[in-house]
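Report on one structure; see the data block that follows.
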Amino acid sequence: TYVVQMAEVMPTEADGAHYDMVAGAWVKDGVYYTAHPVTATFVVEDNQRGTLTVHVTNVTGSTFVNRYEALGVLSLQIRKDFTGRLNNEWLDGDKFTFAIQAADEATSQAVENEDILLPEAITIGKTTENKTAWFEDIYIYKEGTYLFEIAEDRSADIQGVTYAAPRQLKVKATDQGNGVITVQYDMTDTVDEVQEAPIVFKNVYKPGSTTLSGSANLKVEKTFTGRQNNEWLYNGEYKDTFKFTLGIDESHADTNTALANGDIVFASTTLEVTKNNKDNAYFGNITFHKQGLYKFLVQEVDEQNKYPY
């Protein structure tokens with residue numbers, strides 16, 4: 001009776017292998033080696049006719065099982081470009097949260113099968129350095145072409161902010177046959193479809209317009225004296241008329257720019273004051289679409305040189 005033990009030759013660190021503590025196995029080039037031996041008992045008997053017979057008993061662990069596993073890692077960085085407020089200032093409560101998810105059926109299936117492990121969402125806020133943040137690594141265990149989408153959480157939008165559209169990236173994972181999956185990605189929404197790092201999301205703050213009431217804030221009071229009882233004339237032949245214009249101070253650059261960009265809109269720029277409206281004369285409203293300091297001029301126009309001004 002003979003007992004024979006067979007074992008697989010284990011690779012070592014000198015061979016470029018490493019020991020996986022979780023799996024309890026040596027791994028080289030993606031191959032997991034079987035550490036347990038196969039033991040068999042061989043019983044050899046003489047049949048008394050000049051021949052030996054042999055049969056095997058007590059075989060334990062009769063199969064050597066090896067498996068191959070490859071891994072690719074994708075790291076993605078997000079940068080928030082947020083403009084629009086004065087000096088592009090961020091407020092304490094400004095936060096932008098990003099999540100990555102599968103964007104097609106093949107990628108969804110790979111995630112469901114755990115061939116791809118996706119990270120949790122990340123948040124960029126006022127105190128985030130350089131307004132950039134990294135997702136935890138994306139682990140890819142199977143070769144393929146995948147499509148992902150990164151989108152901002154819109155559940156708590158900041159009022160007045162225009163949010164960036166979701167961005168997609170196409171990922172190509174290629175198994176090199178040695179346990180390594182190389183990973184490359186292209187942004188699908190860039191003109192030249194090249195890798196972009198970090199991936200930028202642009203948001204713009206623009207408050208709603210506000211209107212300055214002409215009747216409350218742009219009244220014109222005309223003092224006209226000299227006639228008996230300081231009378232104003234208004235009849236079919238003649239009426240006392242005083243004309244005024246409302247415009248910007250052209251020496252003020254910010255006001256010039258705002259008017260040219262449509263950020264300042266006048267309802268009216270001329271006003272006539274007569275006996276009938278002298279106690280309640282005013283220009284129309286001014287609408288503002290952008291915050292700022294603006295300067296305006298109200299001027300009286302003497303078209304006929306009728307009166308000394």
Side-chain angles (χ1 to χ4, degrees), residues 73-103 107-108 111 116-139 146-171 183 185-213 217 252-265 285-295:
V73 178
L74 176 61
S75 300
L76 297 175
Q77 186 182 32
I78 303 299
R79 180 168 69 84
K80 167 56 65 180
D81 183 354
F82 182 34
T83 60
R85 290 204 184 100
L86 188 62
N87 300 321
N88 295 327
E89 180 185 6
W90 285 55
L91 303 183
D92 291 340
D94 290 340
K95 292 182 180 179
F96 301 91
T97 299
F98 303 86
I100 184 168
Q101 62 183 6
T107 308
S108 296
V111 172
I116 297 175
L117 299 182
L118 295 178
E120 297 294 324
I122 58 174
T123 298
I124 296 175
K126 180 180 179 180
T127 59
T128 304
E129 186 176 359
N130 297 324
K131 303 300 184 287
T132 60
W134 289 91
F135 281 106
E136 294 292 329
D137 288 339
I138 298 171
Y139 294 103
Y146 305 106
L147 188 67
F148 298 96
E149 180 176 275
I150 303 173
E152 294 186 80
D153 181 2
R154 299 293 305 277
S155 62
D157 284 3
I158 302 171
Q159 194 169 16
V161 173
T162 299
Y163 282 77
R167 304 199 62 185
Q168 290 190 345
L169 56 151
K170 181 173 64 177
V171 174
V183 181
Y185 75 88
D186 294 323
M187 303 305 300
T188 63
D189 57 358
T190 52
V191 175
D192 50 2
E193 295 188 354
V194 296
Q195 181 169 321
E196 179 183 335
I199 300 170
V200 179
F201 282 78
K202 296 183 179 181
N203 296 54
V204 178
Y205 172 80
K206 187 175 183 179
S209 62
T210 186
T211 299
L212 181 72
S213 169
N217 301 281
H252 191 251
D254 288 347
T255 309
N256 271 283
T257 300
L259 182 65
N261 292 339
D263 294 322
I264 297 174
V265 179
N285 300 338
I286 303 177
T287 300
F288 298 91
H289 297 289
K290 185 178 181 180
Q291 67 178 4
L293 174 65
Y294 305 115
K295 293 185 178 182

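The structure presented is a predicted model; accordingly, all values stated were derived computationally and were not measured.
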Within this structure, what is the [atom1]-[atom2] distance for the pair [X] and [Y], rounded to the nearest 0.5 Å?
X: L169; Y: L147; atom1: CG; atom2: CG; result: 7.5 Å
X: H289; Y: T211; atom1: NE2; atom2: OG1; result: 7.5 Å
X: Y146; Y: I116; atom1: OH; atom2: CD1; result: 4.5 Å
X: T210; Y: Q291; atom1: OG1; atom2: CD; result: 12.0 Å
X: D157; Y: F96; atom1: CG; atom2: CZ; result: 9.5 Å
X: Y294; Y: N256; atom1: OH; atom2: CG; result: 12.0 Å

Show the nearest heavy-atom pair for residues [X] and [Y], with the distance to one decimal.
X: L118; Y: A102; value: CD1-N, 4.2 Å
X: A164; Y: F201; value: CB-CD2, 3.8 Å
X: P119; Y: I138; value: CD-CG1, 3.6 Å
X: Y205; Y: R85; value: CD2-CG, 3.4 Å
X: S75; Y: D137; value: OG-OD1, 2.7 Å

So, the side chain of [X] versus the backbone of [Y]: is there a donor-acceptor pair under 3.5 Å, distance only?
X: T107; Y: A103; value: no
X: N88; Y: G84; value: yes
X: R79; Y: N130; value: no
X: S209; Y: T287; value: no
X: D153; Y: S155; value: yes
X: Y163; Y: I158; value: yes

TODO: Determine, stepwise, if the pair F288 / I264 fulfils side chain to side chain contact (heavy atoms under 4.5 Å, CB included).
DONE: CA-CA 5 Å; F288 298 91; I264 297 174; 4.0 Å; yes

- [ ] Mind running side chain to side chain contact (heavy atoms under 4.5 Å, CB included) on M187 and I199 for me, showing each step along the way?
- [x] CA-CA 9 Å; M187 303 305 300; I199 300 170; 3.9 Å; yes

Open item on the list: I'd like to know if D94 pairs up with K80 as an ion pair, taking the criterion as any Lys NZ or Arg NE/NH1/NH2 lying under 4.0 Å from an Asp or Glu carboxylate oxygen.
Closed with: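 Answer for the salt bridge query: no.
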
TODO: With side chain to side chain contact (heavy atoms under 4.5 Å, CB included) as the test, would you mind laying out the steps for V73 and Y139 before giving the verdict?
DONE: CA-CA 5 Å; V73 178; Y139 294 103; 3.9 Å; yes

TODO: Give a yes or no on this: more than 12 heavy atoms of other residues, nucleotides or ligands lie within 6.0 Å of atom NZ of K126.
DONE: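 Check passes, neighbour count above 12.
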
Measure the shortest side-chain to side-chain distance between [X] and [Y] over non-hydrogen atoms and say whether it is less than 4.5 angstrom.
X: L76; Y: Y185; result: yes
X: P198; Y: I78; result: no
X: N261; Y: K290; result: no

- [ ] For F82 and V161, run side chain to side chain contact (heavy atoms under 4.5 Å, CB included): C-alpha distance rounded to whole Å, both residues' side-chain angles, the deciding distance at 0.1 Å, then the answer.
- [x] CA-CA 9 Å; F82 182 34; V161 173; 3.9 Å; yes

